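For reference, the structure discussed in these notes is given below.
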Amino acid sequence: FPVTILSQGVKTLSLPLQQLKAEFQNKNIVYDSPIMTWCLCNLQVKIDSNGGYNTTKNRNANVRDDEAMCLLDAYVSYLRNQTIYDKYNR
């Protein structure tokens with residue numbers, strides 16, 4: 001798979017954030033990790049005046065969202081390359 005740049009702005013993350021939320025609500029993503037639960041609970045999402053979704057960074061050093069952001073980056077990559085992934089997962 002090619003390495004691509006993934007910016008973490010509204011243009012890149014808005015639709016995937018909404019889709020990922022739906023995937024969790026529909027129980028299509030299954031995980032059993034207390035750390036992932038903690039990071040997802042710490043993830044802050046802001047909706048701008050145009051209805052765009054984006055994450056915001058909590059400046060508290062004790063609040064981590066790293067694993068949730070990694071999941072989001074992987075999900076964006078999956079969406080961009082879904083036909084390639086599906087080809088290998090038939």
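Computed over heavy atoms, backbone and side chain alike; hydrogens, waters and symmetry mates excluded. All residue numbers in this chain count up from 1 along the given sequence. Values in this document were obtained by computation on a predicted structure and should not be read as measured data.
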Look at the side-chain heavy atoms of Ile, Leu, Val, Met, Phe, Trp and Tyr, link any pair under 4.5 Å apart, and say whether I29 and Y78 land in one connected group. yes
Who passes side-chain contact (heavy atoms from CB on, under 4.5 Å) against L71, sequence neighbours left out? L20, F24, M36
Applying side-chain contact (heavy atoms from CB on, under 4.5 Å) to N60 and not counting sequence neighbours gives N58, N62, V63
Hey, what do you get for [atom1] ([X]) to [atom2] ([Y]), rounding to the nearest 0.5 Å?
X	Y	atom1	atom2	result
C39	D66	SG	CG	6.0 Å
T37	E67	OG1	CD	8.5 Å
I47	S14	CD1	OG	8.5 Å
T83	Y88	OG1	OH	10.5 Å
L79	T12	CG	OG1	11.5 Å
L6	R80	CG	CZ	4.5 Å

Pair Q8, N54: side-chain N/O donor-acceptor within cut-off below 3.5 Å: no
Any side-chain heavy-atom pair from [X] and [Y] closer than 4.5 angstrom?
X	Y	value
Y75	L13	no
R64	W38	yes
S77	Y85	yes
D65	T55	no
Y53	L15	no

Tell me if the CD1 atom of I35 is crowded by more than 12 foreign heavy atoms within 6.0 Å. no
Side chain D48, main chain N50, donor-acceptor under 3.5 Å: yes
